[in-house]
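Take a look at the structure below.
Computed over heavy atoms, backbone and side chain alike; hydrogens, waters and symmetry mates excluded.
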Amino acid sequence: MLSQWPSGVTVVTTVVDGRRHGMTASSFSSVSLDPPLISICLDRKLFSHGLIESTGFFGVSVLAKDQAEVARRFAGQTGEVDRFAGETWSTAETGAPLLDSSLGWLDCRVVHAHPGGDHTIFVGEVLAGHAARRTAPLLFHSRGWGQFADVLPDVATLADSRLVGSLTGHGADGEWIRRTEQRVRATGVRTRVLDLSLPTGSSLTPPSLGRNGAMLTDARQCTAMVASADQAREAVDRGVGVIELGADARDGNGLERAAELIQAAGNLDTDGRVVILRDAFTMADRDALLWAVETLIEAGATEICLDDTRGAATPLEVRATLQDAVGIARPVPLRVRLHDNDRLGLVKALTALKSGVHHFDTTLGGLDGAVATEDLVRLLGTLDVDTPVDAVALGRLADRVREHLGTSGEIPALRTNGVAAPATPPQPTPLPTP
C-alpha cells in the first residue's frame with residue numbers, strides 16, 4: 001500500500017575521515033521554518049545510518065526529473081564502486097558532499113534522533129541551503145522513478161493579438177476590420193485593438209480602431225501594444241484596459257527597459273500588463289528565459305506570453321520550456337503563442353495544455369501562420385476543456401474570412417515580427433459584412 005504514495009527523491013550524504021558516503025532516500029520532510037529543521041528516516045541496518053549517527057551531520061540533495069540514474073546509483077542498483085564519480089560536488093558548513101546538479105541542497109547538523117521502529121528519525125538543523133536549478137523534481141512511486149503526471153486544465157482562455165494587423169496586411173477595409181474584431185471579441189476572445197509600437201505608415205501597422213485618437217468603445221478588456229510610457233498612457237486614455245509590450249530575454253538592456261515600462265504602467269488605470277517574450281521556445285540558454293520571467297513578474301507584469309515568434313519550436317522544446325516556466329511564473333499566468341507552419345501547431349498546443357498552460361494567443365483562421373483560433377477551440381471541446389468562446393459563431397467568422405480570400409481551406413499566412421511576409425502581399429478588395 002505505501003508504495004502507492006508518491007514522494008520526491010534525495011541523496012543523503014556524509015563524510016568520515018575524508019571519505020564520502022551517500023544513499024538514495026525518499027523519507028525526507030520539512031519539520032520547522034523557525035528554526036529551520038528537516039527530517040530524514042533511515043533504516044537502522046543501513047551503513048549510512050551508523051555514519052550519520054556518529055558524525056552528527058548530513059547533506060540532502062534533491063534530485064531533478066532527469067536524475068533517475070543518480071538515484072539508482074546511490075540506491076546500489078547500478079553496481080558502481082564509486083557512487084560519487086561523474087558528478088561535481090560542493091561542501092558548505094559541515095563538509096558533507098552536496099550535489100551541484102541537483103534541484104538544491106541542504107547542509108544539516110543532527111539535533112534530534114528519535115526511534116521509529118526499525119528506523120531512526122534524524123532531525124537536522126539547516127546550516128546552509130541552495131536552490132540550484134529550475135526544473136521539475138524526480139518522483140518515486142510504486143518502486144519506479146518518474147515525473148508529475150499530465151493533468152489537463154478545466155478551463156482555457158483565448159486571446160487574438162494579431163487579427164487586426166493580419167487583416168490589414170491582407171488588404172482588408174478598415175471598417176470591415178473594425179466590425180470583424182468586434183464580432184470576434186463578442187465570441188469571448190480577447191483582442192488587440194491598437195498597436196502604437198510600429199512605425200506609422202508601415203504596411204503591416206494595424207490601424208487604430210478608433211479615429212483621430214478618439215476613445216475606443218467597449219475596449220476595457222482589449223489590449224494595446226506599446227513601446228513607451230507615453231504610448232501606454234495614450235492607450236489607457238483612449239479606453240484600452242490591458243497594456244502589452246514586447247521583450248527579448250537575451251537582451252539584458254531591453255529587458256530592463258521592459259521592466260521599467262511595466263512599473264510605469266502600474267501607475268496607470270490598467271486591468272493588465274502583459275509582456276510578450278519573443279522566440280521563447282528555441283533559446284539555447286533556458287535559464288535566461290526563466291530569469292526574464294522572474295524579473296518581469298517582480299516588476300509587476302500580470303501576464304507573460306511566450307511567443308514562438310519564428311515558428312521554429314518543436315513539441316519537445318515547448319514541453320521542456322513550459323515544465324520549468326509554468327512553476328516559476330505561478331501565480332502569474334503564462335500565455336503561449338504557437339505557430340502552425342510545420343502542421344504541428346495543435347500538437348504543440350496539446351503539449352502546452354499538458355504542461356500546465358491554460359491561456360493561448362491564436363489568430364482567427366491562422367492568418368499569420370499561428371494556430372487558428374477556431375481549430376484550438378475545437379480541440380479544447382474534444383478534450384472537455386471548457387472555454388468562454390462561442391465556437392459556432394467563431395467558426396462562422398473564420399469561414400467568411402476564408403470565403404473572402406477565395407479558398408475553402410487554409411488561409412495564406414502573412415508573417416510578421418521578423419518572419420518573412422509573402423513576396424506579393426494580397427491586394428485590397430471589398431470584403432463582405434460578417
Side-chain angles (χ1 to χ4, degrees), residues 159-169 174 177-178 181-182 184-185 189-280 292-293 295-307 309 332-333 335 337 359 361 363 368 370 414 416-419:
D160 189 333
S161 63
R162 306 288 175 83
L163 173 66
V164 175
S166 297
L167 289 176
T168 301
I177 294 175
R178 184 185 67 80
E181 180 279 326
Q182 288 180 336
V184 170
R185 197 191 332 158
V189 177
R190 188 180 77 185
T191 56
R192 180 187 295 166
V193 296
L194 187 62
D195 191 334
L196 301 173
S197 67
L198 296 176
T200 303
S202 167
S203 62
L204 295 181
T205 302
S208 163
L209 295 186
R211 295 180 179 177
N212 300 319
M215 283 285 292
L216 294 161
T217 58
D218 302 322
R220 187 69 192 180
Q221 298 304 315
C222 297
T223 70
M225 190 73 173
V226 303
S228 69
D230 288 341
Q231 291 177 355
R233 190 173 300 107
E234 177 185 346
V236 172
D237 289 344
R238 296 182 59 187
V240 177
V242 181
I243 299 300
E244 293 180 300
L245 61 139
D248 189 330
R250 293 160 293 196
D251 178 4
N253 292 332
L255 194 63
E256 184 177 348
R257 290 192 297 271
E260 291 173 352
L261 178 50
I262 283 293
Q263 290 175 330
N267 297 321
L268 301 175
D269 181 20
T270 64
D271 295 326
R273 298 171 296 281
V274 182
V275 182
I276 301 168
L277 288 174
R278 296 183 288 268
D279 289 320
V293 170
T295 299
L296 295 167
I297 290 174
E298 289 176 2
T302 59
E303 181 182 307
I304 305 289
C305 179
L306 303 185
D307 191 352
T309 310
V332 172
R335 188 175 297 273
R337 181 170 180 80
H359 311 278
D361 190 335
T363 305
D368 62 346
L414 184 71
T416 60
N417 288 338
V419 184

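A 4.5 Å side-chain heavy-atom check between T223 and E303 finds every atom pair outside the cut-off. Residues Q231 and L245 fail the side-chain proximity criterion, which asks for heavy atoms closer than 4.5 Å. Looking only at side-chain heavy atoms (C-beta outward), D269 and R220 come within less than 4.5 Å of each other. Side-chain atoms of L296 and L255, non-hydrogen and from C-beta on, do get closer than 4.5 Å to each other. In this structure, the side chains of M225 and I276 come closer than 4.5 Å at one or more pairs of heavy atoms.
Among all heavy-atom pairs drawn from T270 and A265, the shortest one is OG1-O, 3.8 Å. Closest of all the heavy-atom pairs between R192 and V164 is O-CG2, 3.4 Å. Taking every heavy atom of both residues into account, S161 and D361 meet most closely at OG-OD2, 2.7 Å. In terms of heavy-atom proximity, I262 sits nearest to A299 at CG2-O, 3.4 Å. Between A227 and L261, the shortest heavy-atom distance links the atoms C-CD2, 3.9 Å. Nearest heavy atom pair, residue V275 against residue A301, reads CG2-CB, 4.1 Å.
With respect to E244 and R335, no salt bridge is recorded, no charged nitrogen being found less than 4.0 Å from a carboxylate O. Using a 4.0 Å cut-off between charged side-chain N and carboxylate O, R162 and D195 make no salt bridge. Look at D279 and R250 and you find a salt bridge, because one of the NZ, NE, NH1 or NH2 atoms lies within 4.0 Å of a carboxylate O, short of that distance.
For the atom pair CG of L196 and CD of E234, the computed distance is 5.0 Å after rounding to the nearest 0.5 Å. I177 CD1 to S166 OG: the interatomic distance, rounded to the nearest 0.5 Å, is 9.5 Å. We find the OG1-CG distance between T309 and L277 to be 9.0 Å, quoted to the nearest 0.5 Å. Annotation: the span from R257 atom CZ to N253 atom CG amounts to 6.0 Å, rounded to 0.5 Å.
R278 pairs in a side chain to side chain contact (heavy atoms under 4.5 Å, CB included) with only one of the listed residues (D248, L306, D251), which is D248.
Checking side-chain atoms of T302 against main-chain N and O of R273 turns up a donor-acceptor pair under 3.5 Å. Although no hydrogens or angles enter the test, the distance criterion places no donor-acceptor pair under 3.5 Å between the side chain of R337 and the main chain of C305.
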(request) Would you please test R185 and V193 for side chain to side chain contact (heavy atoms under 4.5 Å, CB included) and show each step? (result) CA-CA 10 Å; R185 197 191 332 158; V193 296; 4.3 Å; yes

